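Note sheet for the following structure.
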Amino acid sequence: MPIPVTISTTPLVFDSLPALKTRYYYGDWPYGGIYTLGRMYILGGDLHVSLSAFEKDPAPESCVCLGLCAEGPAAVFAKTSPAALMVSVREGDNILSTHNVPPRFFRSADEQGWSWGAEFVLDAQLLQRAGIVFANNPTFRAALYKYTAGCPAYGVSNRLLDEKNPFSIVNFETCEAVTY
């Protein structure tokens with residue numbers, strides 16, 4: 001069943017949206033299964049994104065990454081750490097372009113614990129570089145990752161078809177743009 005991503009005509013509150021969650025952990029994870037969320041909605045052809053990790057005191061190398069694609073071969077990767085956001089378009093290991101996307105970083109606490117993350121917008125022109133055009137096709141694919149740079153273990157939102165290449169688009173799951 002595809003993950004629903006809301007198409008809206010007004011800005012939405014991220015906490016009200018369905019989420020991609022890291023559910024599967026690979027390797028010897030020294031930090032335990034860190035709960036990580038990715039929430040998205042579409043507004044005017046742009047994808048509004050919130051990535052968060054439930055860690056009280058994250059290491060500077062702690063990362064949450066969202067991968068997005070249509071049917072390939074190109075994919076958009078947005079990787080955030082507690083203080084930096086990097087966005088690139090890739091084909092496999094080849095970086096085709098990097099993009100300056102201004103984030104809003106946050107740290108917060110609620111009944112689930114402490115968290116950190118970033119909110120940002122991936123505009124329609126950037127998404128088109130990976131073949132994602134919501135007006136032409138309401139489906140796309142995505143994967144959410146949680147890892148720490150330099151540590152071989154990681155968490156991911158879905159079971160991997162290719163464990164040797166976890167960031168391959170074959171590992172992404174289907175999302176569908178929907179209106180309510």
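Side-chain atoms are counted along with the backbone in the values below, which use heavy atoms only and exclude waters and symmetry mates. Predicted, not measured: the structure shown is a model, and the values here were computed from it.
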For this session: Take S97 and R129 through the test side-chain contact (heavy atoms from CB on, under 4.5 Å) and record every step on the way to the result.
Result: CA-CA 9 Å; S97 58; R129 294 187 63 126; 3.4 Å; yes

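- When only modelled atom types and interatomic distance are considered, S62 and E55 share a side-chain donor-acceptor pair under 3.5 Å.
- For the pair S88 (side chain) and R90 (backbone), a donor-acceptor distance under 3.5 Å is absent.
- Between the CZ atom in R141 and the CD atom in E176 there is a gap of 14.5 Å [rounded to 0.5 Å].
- Under the 4.5 Å side-chain criterion, counting only non-hydrogen atoms from C-beta, E91 is in contact with L96.
- N171 CG to L160 CG: the interatomic distance, rounded to the nearest 0.5 Å, is 4.5 Å.
- Under a 3.5 Å cut-off, the side chain of T22 and the backbone N or O of I34 do form a donor-acceptor pair.
- The side-chain heavy atoms of L144 and V156, taken from C-beta on, include no pair separated by under 4.5 Å.
- The main-chain N or O of A84 is found under 3.5 Å from a side-chain atom of T80 such that the two form a donor-acceptor pair.
- Closest of all the heavy-atom pairs between V121 and V101 is O-CG1, 3.3 Å.
- Counting heavy atoms from C-beta on, the side chains of E173 and S157 come closer than 4.5 Å.
- Taking both residues in full, the closest heavy atoms of P60 and P82 are given as O-CD, 4.0 Å, listed atom of the first, atom of the second, then distance.
- Taking CD1 of I169 as the reference point, atom CZ of F77 lies at 8.5 Å (rounded to 0.5 Å).
- Residues F106 and A118 come closest through the heavy atom pair CE2-N, 3.4 Å.
- Between N100 and V87 there is no side-chain heavy-atom pair separated by less than 4.5 Å.
- Residues A177 and F134 come closest through the heavy atom pair CB-CD2, 4.4 Å.
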Show every donor-acceptor pair shorter than 3.5 Å between a side-chain atom in residues 37-54 and any protein atom, with sequence neighbours excluded, or say none if there are none.
| unit_1 | atom_1 | unit_2 | atom_2 | d |
| --- | --- | --- | --- | --- |
| R39 | NH1 | L17 | O | 2.4 |
| Y41 | OH | L12 | N | 3.3 |
| D46 | OD1 | A124 | N | 2.8 |

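- Residue-environment remark: CZ (R159) stays at or below the threshold of 12 foreign heavy atoms within 6.0 Å.
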For this session: Step by step, work out the side-chain contact (heavy atoms from CB on, under 4.5 Å) result for W116 and V64.
Result: CA-CA 10 Å; W116 64 270; V64 178; 3.9 Å; yes

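- Residues V178 and I7 fail the side-chain proximity criterion, which asks for heavy atoms closer than 4.5 Å.
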Exercise. Between R104 and F120, does a side-chain contact (heavy atoms from CB on, under 4.5 Å) hold up when you go through it step by step?
Worked result: CA-CA 6 Å; R104 184 188 76 79; F120 52 93; over 6 Å; no

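- Residue I3 holds its CD1 atom at 4.5 Å from SG of C175, rounded to the nearest 0.5 Å.
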Problem set entry | Test log, rule side-chain contact (heavy atoms from CB on, under 4.5 Å), inputs R107 and S115 | CA-CA 6 Å; R107 287 185 183 248; S115 65; over 6 Å; no

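- Taken to the nearest 0.5 Å, the OH atom of Y147 stands 14.5 Å off from the OH atom of Y25.
- Transitive grouping of hydrophobic side chains (ILVMFWY, heavy atoms separated by less than 4.5 Å) keeps L68 and F172 in distinct clusters.
- Other residues, nucleotides and ligands place no more than 12 heavy atoms under 6.0 Å from the CG atom of D93.
- Linking Ile, Leu, Val, Met, Phe, Trp and Tyr whenever their side-chain heavy atoms come within less than 4.5 Å puts L85 and L127 in one cluster.
- In terms of heavy atoms, F167 sits closest to C65 at CE2-SG, 4.3 Å.
- Remark: the backbone N or O of S8 is not paired with any side-chain donor or acceptor of T6 at under 3.5 angstrom.
- Nearest heavy-atom pair, A74 versus C69, reported as atom, atom and distance to 0.1 Å: O-CB, 3.4 Å.
- Taking the side chain as every heavy atom from C-beta outward, Y154 and P166 approach each other to under 4.5 Å.
- Here CD of E119 is found 5.0 Å from CZ of F14. Values are rounded to the nearest 0.5 Å.
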